[in-house]
Q: 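Dumping the structure here so I can ask a few things about it.
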Amino acid sequence: MCGIIGIVGKDGVAERLVEGLRRLEYRGYDSAGVAAIHDGAIERRRAEGKLANLVKELESNPLPGTTGIAHTRWATHGAPTTSNAHPHATKEVALVHNGIIENFKALREELTARGRVFASETDTEVVAHLVSELVEQGASPRDAVAQVLPRLHGAFALAILFRGSPDMLIGARLGSPLVVGYGDGETYLGSDALALAPLTQRIAYLEEGDWVVITKDGAEIFDKDNAPVERPITISGVTGELISKGNHRHYMLKEIYEQPVVVAQTLRSYLRRMEDQVSLPVPDFDLGTIRRVTIVACGTSYYAGMVAKYWFEQLARVPADVDVASEFRYRAPVMEDGGLMIVISQSGETADTLAALRHARSEGQKIAAVVNVPTSTMAREADLLLPTHAGPEIGVASTKAFTCQLAVLAAFAANLARAKGRLDAKAEKELVRHLAEAPAALNAALAYDESIEAMAHLIAVARDVLYLGRGPDYPLALEGALKLKEISYIHAEGYAAGEMKHGPIALIDDKVPVIVLAPSGPLFEKTVSNMQEVQARGGKVVLISDYDGVQAAGEGCIATITMPKVHPLIAPMVYAVPVQLLAYHVAVAKGTDVDQPRNLAKSVTVE
Ligand code: M6R
């Protein structure tokens with residue numbers, strides 16, 4: 001899950017490659033590097049850490065050249081050092097890679113036995129040596145690549161530069177995305193259309209197993225059997241502007257604040273307000289025949305799926321399973337006819353989720369994809385595309401994508417309920433009205449930002465934090481804990497409130513803050529009982545509830561956060577706001593890198 005870009009250009013490329021990397025940094029920021037041909041030789045500039053370090057390196061040591069490749073890395077094999085930074089090169093060849101070469105050990109042993117010397121600990125370097133070896137023996141770059149690709153197991157997107165062919169690059173993809181961009185007398189390769197947005201909007205998406213030769217004049221694409229193929233050129237529509245933070249200190253905060261607008265935007269395409277009906281794209285299969293829903297996702301998107309399970313079961317009375325995508329294939333899931341898999345993903349590229357999608361398809365399941373990037377691989381491979389309209393999410397911690405996913409999933413559950421004859425017009429009208437209240441409720445929840453900031457110091461000193469919730473607010477407890485750990489590095493766990501007494505309550509002492517999510521509603525009393533069990537053992541509770549809830553149970557808490565009173569259907573969306581803001585302010589208090597927390601990347605394209 002690295003970002004790659006390549007340019008065969010008319011003018012110098014280094015600056016434009018770096019500009020492309022800026023747009024790809026969400027894929028990893030352990031190191032960055034560029035390579036270009038200068039004076040008949042391959043030259044590289046590489047730097048450990050964030051892109052800013054590479055920019056400094058290029059300032060003091062500029063890199064001329066009109067054909068080049070560049071990379072931003074999320075380390076898989078080998079520490080995030082300069083020597084492990086891409087591009088990896090021999091005298092003849094330099095290349096950048098996104099993915100994992102699973103058989104690299106065997107290949108490395110084979111190459112070492114033939115006298116090749118390695119300069120890094122990466123899996124990628126074997127590809128540079130394999131291609132280089134053939135070129136050194138007189139093979140053309142095309143023949144060398146065509147011979148090497150079948151030898152690579154795993155996933156890859158590659159961009160390869162050849163000393164002897166200075167006006168050409170070769171790209172290849174299997175399991176990791178790669179696009180070709182068509183410019184005016186220039187041609188490009190990129191991990192996605194976003195990387196190429198300032199250069200061109202004319203994009204062709206390579207398919208699995210494709211490889212491509214690009215020159216200034218265009219691209220020749222070949223499939224996995226080396227047969228020439230055409231891939232349609234589409235207009236990406238991705239903006240060339242770098243997304244700005246506006247007046248906010250961090251992307252994460254900006255994205256938290258965008259939620260009322262983007263949820264409204266998303267709901268607009270799934271609700272018909274005049275008729276008070278849900279309105280979804282019509283799939284090419286009969287929704288009424290769906291007998292089981294299997295939801296698969298990772299991280300925050302998985303928690304959105306956990307919330308949706310309640311809705312599919314309660315509204316549509318359709319059995320729903322939720323699986324962490326990385327586990328799904330390996331438990332040999334039983335998938336019967338009439339099954340629908342719903343994948344949920346902000347990026348639409350998460351490798352684990354994509355692998356689960358493909359597995360389910362091979363087992364005859366229909367696929368619906370709730371994704372935020374409509375040009376992503378998942379979007380293109382699904383039978384039914386249900387886009388979230390959150391706009392680009394830059395902060396590594398997912399926020400607005402989550403609430404938009406919930407909005408889509410609630411509408412979809414209602415749609416399925418209607419198709420199953422479980423939702424009459426009156427109930428649908430009521431449900432649509434509740435959903436339509438979400439943007440205003442999110443706005444009201446944001447009004448508590450300052451009071452959340454004021455109490456963040458209570459959490460910032462903790463070593464461990466617990467989050468509790470019940471029903472659809474239990475996944476919110478998990479989400480709160482994930483947000484806190486990923487950006488503040490404080491250990492946090494979410495539990496179903498009723499589960500505390502079965503073990504975790506042993507953790508309670510006066511040093512472990514417990515955040516309780518308890519909106520008024522059918523589960524309030526029971527959640528508060530569990531909260532009181534914690535308090536009885538000296539636990540320090542922060543209660544997040546509405547005015548009535550805080551009045552009824554706020555006494556004895558170290559802090560309370562008051563949310564607007566909302567219908568239980570939209571509570572998971574609204575209660576996402578305080579858990580996001582709390583994690584954000586705790587991270588700021590601790591001085592961590594909120595938008596690019598350590599060890600993480602925004603788009604996780606390795607399994
Ligand atoms: O792009 P996806 O929604 O498929 O990504 C899934 C997870 O990697 C993502 O939600 C991750 O857990 C976030 N960093 C959470 O904030």
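Nothing here was measured: the structure is a model prediction, and the numbers come from that model.
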Q: With no hydrogens and no angle check, do the side chains of His585 and Asp449 hold a donor and an acceptor under 3.5 Å apart?
A: yes

Q: Could you walk me through whether Val586 and Ile487 pass side-chain contact (heavy atoms from CB on, under 4.5 Å), step by step?
A: CA-CA 9 Å; Val586 170; Ile487 61 169; over 6 Å; no

Q: Checking Lys216 now: which residues fulfil side-chain contact (heavy atoms from CB on, under 4.5 Å) with it, not counting sequence neighbours?
A: Val8, Asp167

Q: Can you classify the ring geometry of His71 versus His86 as parallel (below 30°), tilted (30 to 60°) or perpendicular (above 60°)?
A: parallel

Q: Are Pro87 and Leu95 packed together at the side-chain level, in the sense that at least one heavy-atom pair is separated by less than 4.5 angstrom?
A: no

Q: Taking side chain to side chain contact (heavy atoms under 4.5 Å, CB included) as the criterion, tell me which of Asp210, Ile214, Leu196 meets it with Val180.
A: Ile214

Q: Any salt bridge between Arg142 and Glu220, counting N to O under 4.0 Å?
A: yes

Q: Checking Arg358 against Glu208 for the salt bridge (charged side-chain N to carboxylate O under 4.0 Å, His left out) test, could you report, in this order, the C-alpha distance in whole Å, the side-chain angles of both residues, the deciding distance, and whether it holds?
A: CA-CA 12 Å; Arg358 288 174 178 163; Glu208 286 294 72; 3.2 Å; yes

Q: Return the minimal non-hydrogen interatomic distance between Tyr489 and Pro597, and the atom names on each side.
A: OH-CA, 3.4 Å

Q: To the nearest 0.5 Å, what is the distance between CD (Gln405) and OH (Tyr302)?
A: 14.0 Å

Q: Please determine, by modelled atom types, if Glu25 and Thr72 share a side-chain donor-acceptor pair under 3.5 angstrom.
A: no

Q: Step through the shown structure and confirm whether more than 12 heavy atoms of other residues, nucleotides or ligands are within 6.0 Å of CD on Glu230.
A: no

Q: Within this structure, what is the SG-CZ distance for the pair Cys2 and Arg73, rounded to the nearest 0.5 Å?
A: 7.0 Å

Q: Quick one: CG on Leu174 to CG on Leu206, what's the gap to the nearest 0.5 Å?
A: 11.5 Å

Q: Is Arg173 positioned over the aromatic face of Phe156, cation under 6.0 angstrom from the ring centre and no more than 45 degrees off axis?
A: no

Q: Could you tell me whether Arg463 atom CZ has more than 12 heavy atoms of other residues or ligands within 6.0 Å of it?
A: no

Q: Go through the steps for Leu130 and Leu152 under the test side-chain contact (heavy atoms from CB on, under 4.5 Å), then give the verdict.
A: CA-CA 10 Å; Leu130 286 171; Leu152 308 178; 4.1 Å; yes

Q: Whether the His129 and Arg116 side chains hold a donor-acceptor pair (N or O, under 3.5 Å, no angle test) is what I'd like checked.
A: yes

Q: Taking atom NZ of Lys91 and atom OG of Ser132, what is their separation to the nearest 0.5 Å?
A: 9.5 Å

Q: Checking salt bridge (charged side-chain N to carboxylate O under 4.0 Å, His left out) for the pair Glu207/Lys224: CA distance, chi angles, key distance, verdict?
A: CA-CA 9 Å; Glu207 306 224 332; Lys224 62 177 185 339; over 6 Å; no

Q: Does Arg231 make a cation-pi contact with Tyr205, if we ask for NZ or CZ under 6.0 Å from the ring centre and within 45° of the axis?
A: no

Q: Between His153 and Glu102, is there a side-chain donor-acceptor contact under 3.5 Å, judged purely by atom types and distance?
A: no

Q: At their closest point, which heavy atom of Leu178 faces which heavy atom of Ala157, and how far apart are they?
A: CB-CB, 4.2 Å

Q: Set out, in order, the CA-CA distance, both residues' side-chain angles and the distance that settles side-chain contact (heavy atoms from CB on, under 4.5 Å) for Arg163 and Val93, then state yes or no.
A: CA-CA 6 Å; Arg163 185 187 65 81; Val93 165; over 6 Å; no

Q: Which value, rounded to the nearest 0.5 Å, describes the distance between Tyr188 atom OH and Leu17 atom CG?
A: 10.5 Å

Q: Could you give the side-chain donor-acceptor pairs of residues 54-61 under 3.5 Å, partners two or more places apart or in another chain?
A:
from	atom 1	to	atom 2	distance (Å)
Ser60	OG	Lys56	O	3.3
Ser60	OG	Glu57	O	3.2

Q: Are Thr300 and Glu479 close enough that a side-chain donor and a side-chain acceptor fall under 3.5 Å?
A: yes

Q: Can you tell me if Glu15 has over 12 outside heavy atoms packed within less than 6.0 Å of its CD?
A: no

Q: Carefully, step by step, assess Leu582 and Leu484 under the rule side-chain contact (heavy atoms from CB on, under 4.5 Å).
A: CA-CA 8 Å; Leu582 185 59; Leu484 189 71; 5.6 Å; no

Q: Checking the side chain of Thr350 only, and the main-chain atoms of Asp352 only, is there a donor and an acceptor separated by less than 3.5 Å?
A: no

Q: Answer yes when Glu19 and Arg23 have at least one side-chain N-carboxylate O distance shorter than 4.0 Å, and no when they do not.
A: yes

Q: Parallel, tilted or perpendicular: which describes the rings of Trp211 and Phe222, with under 30° parallel and over 60° perpendicular?
A: parallel

Q: Go through it in stages, so that I can follow the logic: the residues are Glu110 and Arg114, the test is salt bridge (charged side-chain N to carboxylate O under 4.0 Å, His left out), and I'd like the CA-CA distance, side-chain angles, deciding distance and then a yes or no.
A: CA-CA 7 Å; Glu110 176 193 315; Arg114 290 203 292 269; 3.0 Å; yes

Q: I want to check a possible cation-pi pair here: Arg108 against Phe118, using under 6.0 Å from ring centre and within 45° of the ring axis as the test.
A: yes

Q: Using distance alone, with no hydrogens and no angle criterion, decide if Thr403 and Gln259 have a side-chain donor and acceptor under 3.5 Å apart.
A: yes

Q: Answer yes or no: are there more than 12 heavy-atom neighbours, outside Lys590 itself, under 6.0 Å from its atom NZ?
A: yes

Q: Could you check whether Glu258 pairs with Lys400 (Lys NZ or Arg NE/NH1/NH2 to Asp/Glu carboxylate O, under 4.0 Å)?
A: yes

Q: Can you see whether Ser398 engages Gln346 through a side-chain donor-acceptor pair at a distance of less than 3.5 angstrom?
A: no

Q: Could you tell me the separation between the CH2 atom of Trp74 and the OG atom of Ser31, rounded to the nearest 0.5 Å?
A: 12.5 Å

Q: Picking from Arg598, Lys50, His250, what satisfies side chain to side chain contact (heavy atoms under 4.5 Å, CB included) with Asp593?
A: Lys50

